[in-house]
Amino acid sequence: MQTRFILLMLALVPVVLSKKFKDEEKPEWAKKDIRDYSEADLERLLDQWDEDEDPLEPDELPEHLRPQPKLDFSNLDSKNPEDLLKVSKKGRTLMTFVSVTGNPTREQGEEITKLWQTSLWNNHIQAERYMVDDNRAIFLFKDGAQAWEAKDFLVEQERCKGVTIENKEYPGVHVRDEL
């Protein structure tokens with residue numbers, strides 16, 4: 001009997017101790033029906049919700065809110081602008097355009113670029129691939145510094161017409177032989 005009484009009291013304590021606002025104590029915007037909330041009310045509600053949240057780690061933040069990595073210019077060759085670009089894009093998302101030679105069908109273009117993507121993945125270069133035309137694909141790198149390593153690999157491929165990074169065209173090695 002005594003244990004039942006203790007269990008009953010333990011069950012009722014949270015109900016009694018939980019705070020319930022009286023209508024007079026609520027702010028004016030909180031008395032409204034939720035369907036009548038304005039954008040400002042919803043923003044206040046979101047701020048209240050996030051009040052006790054721990055801030056996100058820098059690597060969990062969206063890319064545009066992450067702090068810029070510190071650039072180390074001491075090891076850079078000032079005569080090579082590509083090195084500067086490579087260092088400045090480290091940790092940033094970067095898109096490159098890759099063109100396939102000839103006039104491939106959509107399936108052939110997909111197959112060739114998929115093979116290149118797999119080769120890059122096997123070399124620990126993470127790239128997402130999106131076909132934008134039958135003979136053209138976008139390779140998206142989460143770490144922009146990897147784009148230049150990928151470019152070095154891609155321009156060596158027999159069917160690579162060219163790679164474009166930051167509006168600079170790098171022609172494929174085998175395309176020069178055909179000209």
Item to complete: If you link ILVMFWY side chains whenever their heavy atoms are less than 4.5 Å apart, which other residues fall into the same cluster as Tyr130? By chain and number, please.
Response: Met95, Phe97, Val132, Ile138, Leu140

Practice prompt. Run through the side-chain heavy atoms of Ile, Leu, Val, Met, Phe, Trp and Tyr, join any pair under 4.5 Å, and report what else lands in Met131's cluster.
Written response: none

Practice prompt. Using the side chain to side chain contact (heavy atoms under 4.5 Å, CB included) rule, take Trp116 and Val98 through it: C-alpha gap first, then chi angles, then the decisive distance, then the call.
Written response: CA-CA 10 Å; Trp116 293 344; Val98 181; 3.4 Å; yes

Any residue meeting side-chain hydrogen bond (donor to acceptor under 3.5 Å, both in side chains) with [X], in chain and number order, not counting sequence neighbours:
{"X": "Ser119", "answer": "none"}
{"X": "Glu149", "answer": "none"}
{"X": "Thr96", "answer": "none"}
{"X": "Thr118", "answer": "none"}

Discussion item. Check this for me, if you would: do Asp41 and Arg44 make a salt bridge, where the nitrogen-to-carboxylate-oxygen distance has to be below 4.0 angstrom?
Written reply: yes

By side chain to side chain contact (heavy atoms under 4.5 Å, CB included), which residues pair with [X], not counting sequence neighbours?
{"X": "Leu94", "value": "Lys89, Ala147, Trp148, Ile165, Glu166"}
{"X": "Leu115", "value": "none"}
{"X": "Pro62", "value": "His64, Leu65"}
{"X": "Lys161", "value": "Ser99, Thr101, Val175"}

Practice prompt. Quick one: do Thr113 and Phe139 satisfy side chain to side chain contact (heavy atoms under 4.5 Å, CB included)? Show the steps, please.
Written response: CA-CA 9 Å; Thr113 56; Phe139 279 70; 4.2 Å; yes

Worksheet, complete the sentence: In short, salt bridge (charged side-chain N to carboxylate O under 4.0 Å, His left out) pairs touching residues 102-124 with sequence neighbours left out are Arg106-Asp134, Glu110-Arg129

Worksheet entry | Chi angles and distances behind the side chain to side chain contact (heavy atoms under 4.5 Å, CB included) call for Glu43, Asp47 | CA-CA 6 Å; Glu43 193 66 34; Asp47 290 341; 4.1 Å; yes

Worksheet entry | Residues which pass salt bridge (charged side-chain N to carboxylate O under 4.0 Å, His left out) with Asp143, listed by chain and number, not counting sequence neighbours | Lys90

